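Predicted model only: the values in this text are computed from it and were never measured. The figures that follow rest on heavy atoms only: side chains count, while hydrogens, waters and symmetry mates do not. Order of appearance sets the numbers: ligands from 1, and atoms from 1 within every ligand.
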Amino acid sequence: MDIPLLDLVAQYRSIKDDLDRAVLAVVESQRFVLGPEVEALEAELAAYLGVPHGVGCASGTDALLLALKALGAEPGSEVIVPSFTFFATAGAVWNAGLRPVFCDVDPDTFNVTAATLEAAWTPRTVAVVPVHLFGQMAPMGEIVELARRRGAFVLEDAAQAVGARSADGVAGAVGDAGAFSFFPSKNLGGFGDGGLVTTRDAALAEKLAKLRVHGGRQMYHHEMVGTNSRLDALQAAVLRVKLRHLDGWAAARRENARRYAALLADVEGVRLPHVVDGNFHVYNQFTVRARGRDALRKHLTEQGIGSGIYYPVPLHLQECFASLGGKRGDFPVTEALCDEVLSLPIFPELGEDRIGRVAESVRAFYT
Ligand SMILES: *Cc1c(COP(=O)(O)O)cnc(C)c1O
């Protein structure tokens with residue numbers, strides 16, 4: 001690809017010396033699992049997000065899973081999740097022994113709202129998982145208000161939204177807990193898998209810290225059945241270096257989005273991402289709704305331009321969830337989005353010229 005969807009090599013080269021030094025320091029220490037690097041990352045990221053506790057773990061999927069396990073809800077209790085999200089949001093609910101109940105999303109923001117969540121509510125609902133999809137926060141004020149009124153736990157899936165904020169606060173710091181992912185393609189990405197749970201609740205943080213090491217603080221003494229979901233010191237060292245650049249990268253992504261918006265505003269056939277007033281979108285993805293999406297994608301590929309489809313299949317129609325009884329027509333917005341969305345390159349190092357070429361290529365397709 002001439003213009004890839006994401007270029008991690010460019011990012012690495014821009015801060016190579018600092019990253020190499022940080023990695024080597026961990027190698028020299030031979031302390032690879034949890035330890036001081038992980039504690040430092042937890043403290044620094046918690047401070048960055050303005051939340052008192054951060055608990056590192058093995059992935060974003062595990063961040064969701066550990067938070068859901070910590071709930072201690074009756075097996076089979078229901079957790080409402082959007083049908084339009086990455087699989088892990090629902091997979092974690094299932095693996096925690098709970099029942100995912102799907103809901104639709106808003107057609108402009110691609111996010112759940114209090115109304116779409118409430119439509120899926122039953123007396124068995126114990127938690128909701130609003131996803132801040134593509135880097136823009138879901139409307140947390142109304143979601144938390146609904147959950148408080150109905151007595152449910154709010155777990156923010158902030159995997160794509162580190163550093164995002166809105167009038168309601170910072171992503172991962174508004175609900176009862178927040179789940180972050182350090183998968184390499186996320187805005188704060190490690191050299192492999194990693195994740196973190198945020199919370200304001202000290203008791204919950206303590207429980208999470210036990211769950212990630214087989215359910216005990218003291219070795220060989222287990223208060224609950226946890227798992228091995230520790231964060232590597234190597235990942236923490238890399239992430240601490242990258243955290244210092246996160247605001248700059250977010251600014252570059254936002255500038256790229258602004259350029260696309262200016263260049264594509266009059267192109268009928270693509271609907272640009274809608275940013276809610278007061279929202280600080282961090283654009284993990286720049287996702288448009290495109291007429292003739294698959295043909296547009298083919299056209300871009302032929303021009304050497306990378307793109308992505310996030311996501312092609314609604315979760316309520318996934319084979320593995322057939323037993324939950326989802327059927328086509330259940331969530332019309334999600335189903336339409338899966339046919340129409342296309343994500344264009346937005347990574348920080350992209351630059352004005354390449355954005356111009358992507359925009360020109362999109363325009364050429366429609367004219
Ligand atoms: C990436 C992602 C996850 C899972 O994170 P991993 O670190 O890949 O396990 C969960 N939810 C959403 C919305 C994601 O984008």
Side-chain angles (χ1 to χ4, degrees), residues 5-6 8 38 41 45 54-69 79-96 98 100 102-103 105-106 109-112 127-138 140 143 154-164 171-172 175 177-198 208 212 227-232 234-236 238-239 242 253 273 281-287 308-315 318 321 334 337-338 341 343 346-347:
L5 180 61
L6 175 65
L8 287 173
V38 171
L41 172 73
L45 194 52
V55 181
C57 62
S59 69
T61 302
D62 273 7
L64 293 164
L65 180 67
L66 293 174
L68 290 162
K69 274 178 169 297
V79 178
I80 305 174
V81 300
S83 181
F84 190 63
T85 176
F86 180 58
F87 180 78
T89 315
V93 172
W94 182 282
N95 282 329
L98 307 171
F102 297 108
C103 74
V105 293
D106 178 87
T109 63
F110 314 140
N111 279 329
V112 298
V128 296
V129 189
V131 179
H132 306 313
L133 203 67
F134 305 139
Q136 172 167 225
M137 279 181 76
M140 289 304 295
I143 291 169
V154 180
L155 171 57
E156 296 175 66
D157 183 339
Q160 301 182 4
V162 62
F180 290 87
S181 165
F182 306 128
F183 185 75
S185 70
K186 303 298 160 86
N187 284 18
L188 181 61
F191 286 179
D193 282 307
L196 180 119
V197 188
T198 50
L208 291 164
R212 73 177 169 181
T227 185
N228 169 6
S229 183
R230 298 172 297 227
L231 183 62
D232 287 339
L234 279 170
Q235 301 307 340
V238 166
L239 293 164
K242 289 197 179 188
R253 285 173 182 271
H281 195 322
V282 294
Y283 294 100
N284 181 240
Q285 300 292 348
F286 184 85
T287 304
I309 298 175
Y310 310 111
Y311 297 91
V313 182
L315 295 189
Q318 294 288 344
F321 292 137
T334 293
L337 290 174
C338 288
V341 287
S343 299
I346 188 82
F347 60 89

Grab the two heavy atoms, one from [X] and one from [Y], that are nearest each other, plus how far apart they are.
| X | Y | value |
| --- | --- | --- |
| Thr334 | Pro314 | CG2-CB, 3.6 Å |
| Gln160 | Leu133 | OE1-C, 3.6 Å |
| Leu45 | Leu188 | CD1-CD2, 4.2 Å |
| Val238 | Gly189 | CG1-O, 4.4 Å |

Could you tell me whether a side-chain N or O of Ser59 sits under 3.5 Å from a main-chain N or O of Gly195, the two making a donor and an acceptor?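 Pair absent, no side-chain N/O of Ser59 close to backbone of Gly195.
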
Hey, is the main chain of Ala159 close enough, under 3.5 Å, to the side chain of Asp157 for a donor-acceptor pair?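 Such a contact is found between Asp157 side chain and Ala159 backbone.
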
Where ligand 1 meets [X] - atom numbers and elements under 4.0 angstrom, heavy-atom basis:
| X | result |
| --- | --- |
| Gly60 | 4 (C), 5 (O), 6 (P), 7 (O), 9 (O) |
| Ala88 | 4 (C), 10 (C) |
| Ala159 | 2 (C), 3 (C), 10 (C), 11 (N), 12 (C), 14 (C), 15 (O) |
| Gln160 | 13 (C), 14 (C), 15 (O) |
| Thr61 | 4 (C), 5 (O), 6 (P), 9 (O) |

If the plane angle is over 60° it's perpendicular, under 30° parallel, otherwise tilted; pick one for Phe110 and Phe84.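 Aromatic pair Phe110/Phe84 classed perpendicular.
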
Just to be sure I read this right, does ligand 1 sit under 4.0 Å from the backbone of Val131, its side chain, both, or neither, counting only heavy atoms?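 Answer for Val131: side chain.
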
Closest non-hydrogen protein atom to atom 11 (N) of ligand 1, residue and atom name please, with distance?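 Ranked first by proximity to atom 11 (N) of ligand 1 is Asp157 OD2, 2.8 Å.
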
Centre-to-centre under 6.0 Å for Phe87 and Phe321, is that the case here?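 Yes, they do, as the ring centres are separated by less than 6.0 Å.
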
Taking distance alone, with no angle check, do [X] and ligand 1 share an N/O pair under 3.5 Å?
| X | value |
| --- | --- |
| Asp193 | no |
| Thr85 | no |
| Phe86 | no |
| Lys186 | yes |

